[in-house]
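Please read all numbers here as calculations on a predicted model, not as lab measurements.
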Amino acid sequence: MLQVANIRANKEAYIEALKKRNFDAAGIFSEVLELDETRRSTQAELDDTLAESNRISKEIGLMFKNGEHQKANLLKEKTAGLKDKSKTLSEKLNETSEALTKHLYNIPNIPNDLVPAGVTEDDNVEVFKEGEIPVLAEGSLPHWELAKKYDIIDFELGNKITGAGFPVYKGKGARLQRALISYFLDKNTAAGYTEYQMPLLVNEASGYGTGQLPDKEGQMYHVTEDNLYLIPTAEVPVTNMFRDEMLSEDVLPVACTGYTPCFRREAGSYGAHVRGLNRLHQFDKVELVRIEKPENSYAALDGMVEQVKDILRDLKLPYRILRLCGGDLGFTSALTYDFEVFSTAQDRWLEISSVSNFETFQANRLKLRYKSADGNKQLAHTLNGSALALPRVLAGILENYQTPAGIKIPEVLVPYTGFDMID
RNA sequence: GGAGAAAUGGCAGAGUGGUCGAAUGCGGCAGUCUUGAAAACUGUUGAGGGUCACACCUCCGGGGGUUCGAAUCCCUCUUUCUCCGCCA
């Protein structure tokens with residue numbers, strides 16, 4: 001959520017920047033500023049009314065103390081009008097504030113200067129590429145065939161127990177996934193991130209805090225009996241730890257990492273590209289979350305990108321980094337880098353990580369601020385990124401490491417798996 | 001799940017209808033003293049909105065109500081604690 005004061009101060013520059021998202025902000029900005037104007041004048045009027053009735057109440061109190069009951073009762077009658085007035089005004093204030101917030105919820109974050117203009121994912125800009133795409137032997141298979149051949153992931157069994165998109169990992173498949181999670185967490189904690197285990201269900205307030213609610217309600221599983229939501233990413237519980245917090249400057253930067261399963265309804269997204277592990281309703285992910293001072297947040301973003309690079313180098317997977325264009329950029333993000341690993345057998349790139357700087361966009365909604373030594377209070381910057389999302393990394397490993405003799409295990413994982421080949 | 005108690009500033013803890021945004025203690029900050037530190041003493045110290053700055057408004061777990069006036073009374077929700085039941 002943008003800050004109204006910033007919209008007022010940078011209206012033209014913001015309108016220009018939002019064009020990169022193909023978002024025409026001129027109209028909604030005018031409405032926002034007008035509503036804010038109304039809100040403030042209504043507030044002022046209400047304050048005056050309340051001040052008046054506070055003053056009278058005190059007077060009445062004094063009169064009763066002095067035994068001037070008649071005088072007091074006379075004055076009481078005067079307050080009736082003030083009461084009505086303040087009731088009307090506070091209703092108007094609520095309506096205006098609600099309308100204002102609703103408008104603000106509909107305005108996406110201002111893209112960073114680095115964000116290229118563009119409409120679809122085809123306009124994303126490749127900024128880095130590394131790793132060799134292996135030449136596979138004749139008869140190499142996509143991961144869902146490999147999963148069946150070596151009996152390590154059972155999609156049908158998941159269908160039976162729950163439904164499509166809930167695979168069952170088995171034997172060395174299960175072990176490999178657990179190895180990856182441990183390895184990612186070790187790697188992240190070694191880089192200074194503190195490990196967390198978070199609740200997998202969150203309340204409504206948390207959903208609003210990170211912006212899943214109210215708009216993307218349909219993407220989360222909703223436990224209606226208790227009004228809780230299954231998390232679509234660890235970002236939700238982790239970031240919400242800091243909701244309504246005033247951090248002291250010296251705890252920054254905050255760096256968290258956590259493994260959680262993620263649950264996504266993915267309503268309506270079915271088709272050729274969702275086979276196997278490509279898109280699931282439940283999957284595992286290790287997430288990074290950082291809270292930074294504004295002046296450090298872009299250096300921190302680069303640091304997170306390096307962290308993910310480091311992991312992919314360790315795993316010796318061919319990958320590329322894309323800078324998302326305005327059209328593909330997430331609603332809340334100012335700048336996002338997507339990591340894609342090459343799926344050899346499918347001959348396509350698979351997104352495995354998304355690293356973003358939200359600047360103050362999330363912090364404003366969360367009321368996440370910090371106090372500097374001089375007592376100055378301001379919104380912090382929040383960032384997050386996947387390090388990494390499991391299923392597609394698994395798919396990449398299965399496909400890229402396949403040999404006629406079986407699937408080799410990346411060297412760094414062997415201490416975690418205890419075996420070096422799936423055969 | 002049942003029965004009871006509670007929720008107040010960074011923390012502890014008073015306050016049961018009228019100068020209470022809130023005593024007191026601890027902590028924090030500033031000063032006195034000291035070569036320096038500690039101790040002691042003195043002062044200061046919640047948040048949000050608003051204003052050039054004041055004024056002023058809001059906030060005592062959340063929401064609603066009674067009243068001229070609510071931290072204080074009523075309703076409701078949430079959370080915590082104690083006892084009972086159940087349980088990995």
Side-chain angles (χ1 to χ4, degrees), chain A residues 1-9 32-101 103-104 197-209 213-214 222-229 237 240-252 254 261 291 360 363-380:
Chain A
M1 183 163 71
L2 295 177
Q3 292 155 272
V4 178
N6 289 345
I7 295 177
R8 202 182 312 132
V32 163
L33 293 178
E34 202 176 304
L35 281 165
D36 185 53
E37 210 42 57
T38 309
R39 185 187 61 80
R40 287 191 299 164
S41 64
T42 308
Q43 177 84 64
E45 210 181 331
L46 176 62
D47 285 356
D48 286 346
T49 311
L50 289 174
E52 174 75 1
S53 64
N54 284 345
R55 202 181 53 71
I56 293 177
S57 289
K58 269 183 192 160
E59 233 175 287
I60 293 174
L62 274 177
M63 286 172 180
F64 276 123
K65 221 174 225 170
N66 297 333
E68 303 169 302
H69 288 80
Q70 272 191 337
K71 232 170 134 186
N73 285 322
L74 219 68
L75 202 51
K76 266 195 202 180
E77 286 167 26
K78 226 175 124 180
T79 60
L82 286 173
K83 255 188 144 175
D84 284 347
K85 192 174 172 192
S86 64
K87 199 177 170 193
T88 310
L89 283 170
S90 87
E91 272 165 15
K92 185 178 171 191
L93 183 65
N94 283 340
E95 280 167 25
T96 313
S97 299
E98 260 172 48
L100 181 61
T101 308
H103 278 73
L104 288 173
Q197 282 191 17
M198 300 308 295
L200 305 181
L201 288 158
V202 294
N203 59 28
E204 214 174 7
S206 294
Y208 278 95
L213 296 175
H222 188 187
V223 182
T224 52
E225 182 78 12
D226 299 289
N227 198 24
L228 297 172
Y229 295 86
N240 270 287
M241 287 197 288
F242 304 96
R243 168 155 47 87
D244 294 320
E245 287 294 318
M246 174 77 75
L247 302 175
S248 104
E249 183 178 39
D250 52 19
V251 308
L252 297 177
V254 171
I291 298 166
T360 58
N364 188 33
R365 200 187 267 211
L366 287 164
K367 293 202 190 72
L368 164 52
R369 294 168 303 159
Y370 72 95
K371 196 191 254 180
S372 47
D374 58 13
N376 196 29
K377 289 158 221 140
Q378 57 181 317
L379 292 172

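- Base engagement by A:Ser57 is indicated by at least one non-hydrogen atom pair under 4.0 Å involving a base atom.
- Residues A:Met246 and A:Ile56 each lie close to RNA chain B; by heavy-atom proximity, the contact nearer the 5' end of the strand is made by A:Met246.
- For A:Asp47 and A:Gln43, the side-chain atoms include at least one donor-acceptor pair closer than 3.5 Å.
- Rounded to a whole angstrom, the distance from the C1' atom of B:C59 to that of B:U72 is 16 Å.
- Within the 4.0 angstrom heavy-atom criterion, only backbone atoms of the sugar-phosphate kind lie near A:Asn54; the bases stay farther away.
- Atom C1' of B:A5 sits at a distance of 36 Å from the matching atom of B:C57, rounded to the whole Å.
- The CD-P distance, from A:Gln3 to B:G49, rounds to 11 Å in whole Å.
- Nearest-nucleotide positions on RNA chain B for A:Arg369 and A:Thr79 put A:Arg369 closer to the 5' end.
- Taking atom P on both nucleotides, B:U79 is separated from B:U42 by 45 Å, rounded to a whole Å.
- Distance, A:Leu93 CG to B:G50 P: 12 Å, rounded to whole Å.
- The side chain of A:Lys76 contributes no N or O atom lying less than 4.0 Å from OP1 or OP2 of B:G69.
- Across all strands shown, the partner of B:G1 is B:C84, judged by Watson-Crick or G-U wobble contacts whose two distances both fall under 3.5 Å.
- Taking a 6.0 Å sphere around CD of A:Glu91, one finds it holds more than 12 heavy atoms contributed by other residues, nucleotides or ligands.
- The shortest side-chain heavy-atom distance between A:Leu247 and A:Leu368 falls under the 4.5 Å cut-off.
- No engagement by A:Arg39 is indicated, since no non-hydrogen atom pair under 4.0 Å with the nucleic acid exists.
- Checking the phosphate oxygens (OP1, OP2) of B:A47, a side-chain nitrogen or oxygen of A:Lys377 falls inside 4.0 Å.
- Across all strands shown, B:U44 forms a Watson-Crick or G-U wobble pair, both distances under 3.5 Å, with B:G28.
- Aromatic ring orientation, A:Phe64 versus A:His69: perpendicular (interplanar angle above 60°, classes split at 30° and 60°).
- In this structure, the nucleotide among B:A47, B:C68, B:C57 sitting nearest to the side chain of A:Phe64 is B:C68.
- Comparing the P positions of B:U58 and B:G65 gives a spacing of 16 Å, expressed to the nearest Å.
- If you take CG of A:Asn227 and P of B:C77, they are 15 Å apart, rounded to a whole angstrom.
- Judged by distance alone, the side chain of A:Arg365 and the main-chain N or O of A:Tyr208 form a donor-acceptor pair under 3.5 Å.
- A distance of about 12 Å separates the P atoms of B:C56 and B:G21, rounded to the whole Å.
- In this structure, NZ of A:Lys367 is placed 12 Å from C1' of B:G49, rounded to the nearest angstrom.
- The phosphate of B:C68 (OP1 or OP2) has no side-chain N or O of A:Arg55 nearer than 4.0 angstrom.
- Taking the side chain of A:Ile60 as heavy atoms from C-beta on, and the options B:G49, B:A47, B:C68, the nearest nucleotide is B:C68.
- Taking a pair to require two hydrogen-bonding distances under 3.5 Å in either a Watson-Crick or a G-U wobble arrangement, B:C68 pairs with B:G18.
- In this entry B:C33 has no Watson-Crick or G-U wobble partner, no candidate having both defining distances under 3.5 Å.
- With hydrogens and angles left out, the side-chain atoms of A:Asn203 and A:Ser206 include a donor and acceptor closer than 3.5 Å.
- Between A:Lys83 and B:G69, a side-chain N or O to OP1/OP2 separation shorter than 4.0 Å is present.
- When the P atom is compared between B:G46 and B:G10, the two are found 9 Å apart, to the nearest whole Å.
- Both distances falling under 3.5 Å, in either a Watson-Crick or a G-U wobble arrangement, place B:U79 opposite B:A6.
- Spacing between atom CG of A:Asp47 and atom P of B:U58 amounts to 7 Å, rounded to whole angstrom units.
- With a 3.5 Å ceiling on both atom-pair distances, B:A23 lacks any Watson-Crick or G-U wobble partner.
- B:G50 atom C1' lies 12 Å from atom CZ of A:Arg8, rounded to whole Å.
- A gap of 8 Å separates the C1' atoms of B:U66 and B:C73, to the nearest Å.
- As rounded to the nearest Å, B:U67 and B:G15 have P atoms that lie 28 Å from one another.
- Here the closest non-hydrogen pair linking A:Asn240 and A:Gly209 is OD1-CA, 3.9 Å.
- Rounded to whole Å, the distance from CG on A:Asp226 to P on B:G1 is 10 Å.
- Across every strand in view, B:A53 sits unpaired, with no contact that passes the Watson-Crick or G-U test at under 3.5 angstrom.
- From A:Thr49, atom OG1 reaches atom CD of A:Glu52 across 8.5 Å, with rounding to the nearest 0.5 Å.
- Comparing B:G49, B:C68, B:C56 against the side chain of A:Ala51 picks out B:C56 as the nearest.
- The CD atom of A:Gln43 sits 12 Å away from the P atom of B:C57 (whole-angstrom rounding).
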